Each structure stands twice: as structure tokens, then as C-alpha cells.
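Data first, discussion second: the structure below is written as C-alpha cells.
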Amino acid sequence: MRQIYLDYSATTPVKDEVLQEMLPYFTERFGNPSSLYTVGQESKTAISTARERLAALIGADPKEIFFTSSGTEADNWAVIETARLKRDKGKGNHIITTKIEHHALLHSGEALEKEGFDVTYLGVDAEGFVRLSELEAAIRPETTLISIMFANNEIGTIEPIAQIAEIAKKHGVVFHTDAVQALGNIDIDVHALGVDLMSMSGHKIYGPKGIGALYIRKGVALPAHLYGGAQENNKRAGTENLTGIVGFGKAAALAKANLRNHIQKVSDLRNYFLEQIQENIEDIRINGNFEHRLPGNLNITFKYIEGEALLLLLDMDGIAVSTGSACSSASLTPSHVLDAIGVPVEEIHGSIRFTVGDFTTKEDIDYVVEKLKAAVIKLRRISSVSKESGW
Ligand code: PLP
């Protein structure tokens, strides 16, 4: 059966060039980067190259890149350790984030609340944007950190990061952004944007899973959160994930070289997909702003049906899509992001996130639209909630 993957925001396949670059580091070039003999030093050099490549993708200095085990770890580290450091220095115990963050951030916020921190979760407008006036109004003398995601993983909305950084700077507050979804999909220049801390992940940019990074702007203090060896300039202990780092570095280099083409190709396909859906299926709604949006993202409510049933029917046709956030797709709790933009709960349950990527073709889209149309008709026919029943 044909297999079509339309969930590139959940994860991406490792590109062959990335895999080829990684392979020798599993076998003949396996040395511990901390070892002083040649095979160890070769590993160290490979890590430096990867650091340079990732830095180049975001306009950073390589010294500002710290590898972690994941985007989740980068988020936890940035937010929890900044909050604790500032509190310990007597600067305050208030941090600001949003209601539409990934759980890596929301649950870090909850953990901080248990430690006695005060956390403001800002709402967003109907298109998913943080309101800058609301952000500024929420800042208090005891606010130490603002953490707002670069681009949302469910609806793809890209936040006004430069303006947020400016507000944070004006008030002397550290600014962290979770750029896990933005990396490789948007042109990012951390210095021009003025962000202090930024989280990234390898498996969203055609690199391997289990590798992430935190950008820490030069001069921003952030204590280590793991204790052990002197790796990552004494900031993140633990023998480096050599193959993961090499793969992440190669994926970053490819992302930089292909960024323009990638954005064009993926957004053209996404737009074509939307046109086809609009032509073939009625009673749909697009969630999130369309203009300032990740190039591959399409989040659509299909009224009068259950998204999970649609997901399963599509899966039977070999099509992989997602309802809400991938990380919470095992549960049926309605998406907190769609809730935050005001989608009624019954419509949240009928919402699907499609994300197209570098390996998607126009033929894939045509096939998906045909199967999608048939599945929606079928489900609406058997649905207990229908237009006629006044739902
Ligand atoms: N932040 C965002 C916005 C994400 O979309 C994800 C993954 O879905 C993460 C953080 C977590 O990244 P990782 O899977 O590398 O832990």
C-alpha cells in the first residue's frame, strides 16, 4: 500500500546525506571526545564542526551552542535554571509564558509553580498571536524571564519574536524562545532578533532523534543542570551523543543550504493542498493565521466529525496525520492550543494537523485529497452530530 507521511512537525526522516555522515561515528570513529589520543580528538573535531554548522544556521557564534539530549531538555534547562538563578540572586520569582507552548515548557512552568514561583500564562488572539500590549502589562518588577515559542507546533503561527525580545530587553528580563518548530523552516538570526536563549531539536530538521541544543547568548548566565564531566564547556555534563551531534550538524548545514528552496517548495505544496481541500470538502475551517505561519503547516477543522476517526481511516489508506499535538495524541484531551484560540470543544475534536515536508510530492497531495474526501463523506454520513442536528 502507498505510504504518505504528512506529519513532519511530529518528526522527520533522517536524510540520506545525514545518515552517511553519521555512520562512521558508530564504528571506526567511535572515540570519546574527551580522550586525548587521536580517535578521541577526531570525535572532538567532529563535534566542533557540528557546532559551527548549527551556529551558522541561526547566526550565532559556535561558543553559544550547547548540545542537549532533546528540545525538551533545552526548554527545561533554559526556563528552570534561569528562574532559579534569578530567584537565588534576589531578582524575583515571576516568569511569563503562554498558554500555547509545548508541554516541555508548560510542564516546566508547573514544576516551577510547585517550587513557589509565580507563572503567568498569557492568552493569544484568535489567530494564535501573543498580544504585545498584554505581554508588556504582565511584566512586574519581580519578573525575571519571558519564554514564548518562535512558532507553534499545532497551528504553525509564527510569533513576533523581534518585538518580544525588544520588550524583554527594555525591562531587563531574560528572553527564551522555543524554536524547535521554527528551525530550518524560517530564516533565524539570533543576534538580529535579540533572543537570549533558544531551544532547538535535531529530529525536526531531518536529523536524528535524541539530540537537541540550547543557544545561550554570550553574557547570559545559565547554571548547569547536570553535574559530572566538563563537557559542553562545563555547562552540560555527560559523554556527548557523538553520532547525534554529527547528524544534527549535517542536517543544519543542509537546512541552511536549502532554506529558500525548502520554504518555497513546502509552502507551495501546502497552499495547493489547501486549495484542493477547499474545492472538494465543505464545512471546514483553517485554524491559525495563514500569512505568518510555518511553511508546511495546515491545521483544519472538519466540522461534524471526530478527528480521531478521520485519522484512523486515513491510516488505513497509508496516510499519517495528527490530531492536535503529537506528544498528546495518545490522549483525547482537547488540544490546549486550539482551545486558546477559541475553537469550540466539539470542533477541536474534528481538527487535523497536516504538515508537509521535503519528501512530499504533488501526487501525494492528490492522493490524500481523494482519500480525505471519501473519509469525510463516510464519517459525516454516520455521524450523530451533523449540520441537520444543529451541531
Ligand atoms: N517544543 C516544540 C515546539 C515541539 O514541537 C517539540 C516536539 O514536538 C518539542 C519542544 C520537544 O522536542 P524534542 O522532541 O526534541 O524533545
Side-chain angles (χ1 to χ4, degrees), residues 5-14 18 54 58 65-80 97-111 121 124 128-130 147-159 161 164 176-186 188 195 197-215 225-226 236 238 241 243-245 247-249 251-252 255 288 293-299 320-331 335-338 340-341 353-355 357:
Y5 183 74
L6 289 184
D7 205 12
Y8 282 81
S9 267
T11 194
T12 57
V14 171
V18 172
L54 184 55
I58 62 166
I65 302 289
F66 297 83
F67 288 110
T68 62
S69 67
S70 57
T72 299
E73 185 192 328
D75 280 344
N76 276 246
W77 181 16
V79 170
I80 294 176
T97 184
T98 78
K99 289 184 178 163
I100 62 163
E101 300 297 315
H102 188 270
H103 285 119
L105 215 298
L106 293 178
H107 291 168
S108 294
E110 283 167 25
Y121 298 90
V124 292
F129 293 115
V130 168
S147 178
I148 296 179
M149 70 199 319
F150 208 125
N152 185 266
N153 46 303
E154 293 191 40
I155 55 175
T157 304
I158 300 167
E159 299 296 337
I161 294 302
I164 295 170
H176 166 255
T177 186
D178 173 342
V180 167
Q181 292 290 339
L183 191 73
N185 283 310
I186 305 173
I188 299 178
V195 309
L197 302 163
M198 188 172 90
S199 304
M200 299 166 276
S201 178
H203 73 103
K204 311 285 185 177
I205 66 159
Y206 308 91
K209 295 169 183 57
I211 183 71
L214 182 64
Y215 157 78
H225 76 130
L226 289 178
R236 201 278 182 183
N241 173 359
T243 51
I245 291 172
F248 194 7
R293 188 185 191 99
L294 288 173
N297 176 290
L298 200 53
N299 189 309
V321 298
S322 167
T323 54
S325 172
C327 309
S328 61
S329 63
S331 76
S335 149
H336 65 283
V337 176
L338 297 180
I341 63 168
R353 178 187 71 181
F354 304 93
T355 38

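We count ligands from 1, going down the list as the structure has it; atoms in each ligand are counted the same way. Owing to the predicted nature of the structure, the values given are computational and were not obtained by experimental measurement.
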Mark up the atoms of ligand 1 that fall under 4.0 Å of a heavy atom belonging to [X], in ascending order.
X: H203; value: 13 (P), 14 (O), 15 (O)
X: T72; value: 11 (C), 12 (O), 13 (P), 16 (O)
X: S70; value: 15 (O), 16 (O)
X: D75; value: 1 (N), 10 (C)
X: N153; value: 3 (C), 5 (O)
X: S201; value: 13 (P), 15 (O)

For a 4.5 angstrom cut-off between non-hydrogen side-chain atoms, does [X] reach [Y]?
X: K204; Y: N185; result: no
X: N76; Y: H225; result: no
X: I161; Y: M198; result: no

With sequence neighbours left out, what residues match E73 under salt bridge (charged side-chain N to carboxylate O under 4.0 Å, His left out)?
->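 With neighbours one apart ignored, the set is R236.
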Has ligand 1 got any nitrogen or oxygen that is less than 3.5 angstrom from a nitrogen or oxygen of G71?
->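 Looking only at distances, the answer is yes, because the N/O contact criterion of under 3.5 Å is met.
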Which one of [options] has a non-hydrogen atom at the shortest distance from [atom]?
atom: atom 7 (C) of ligand 1; options: Q181, K204, M200; result: K204
atom: atom 10 (C) of ligand 1; options: D178, I100, L183; result: D178
atom: atom 6 (C) of ligand 1; options: H102, E154, M149, E101; result: H102

With a cut-off of 6.0 Å (strictly less than), are more than 12 heavy atoms of other residues, nucleotides or ligands near NZ of K99?
->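 Open.
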With a 3.5 Å distance limit and no angle check, can you tell me whether [X] reaches the backbone of [Y] through a side-chain donor-acceptor pair?
X: N299; Y: E154; result: yes
X: T12; Y: H203; result: yes
X: D178; Y: L105; result: no

Would you kindly specify which portion of E73 sits under 4.0 Å from ligand 1, judged on non-hydrogen atoms: side chain, backbone, both or neither?
->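 For E73, no heavy atom sits under 4.0 Å from ligand 1.
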Can you tell which part of N152 has a heavy atom less than 4.0 Å from ligand 1: side chain, backbone, both or neither?
->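 It is neither; nothing of N152 touches ligand 1.
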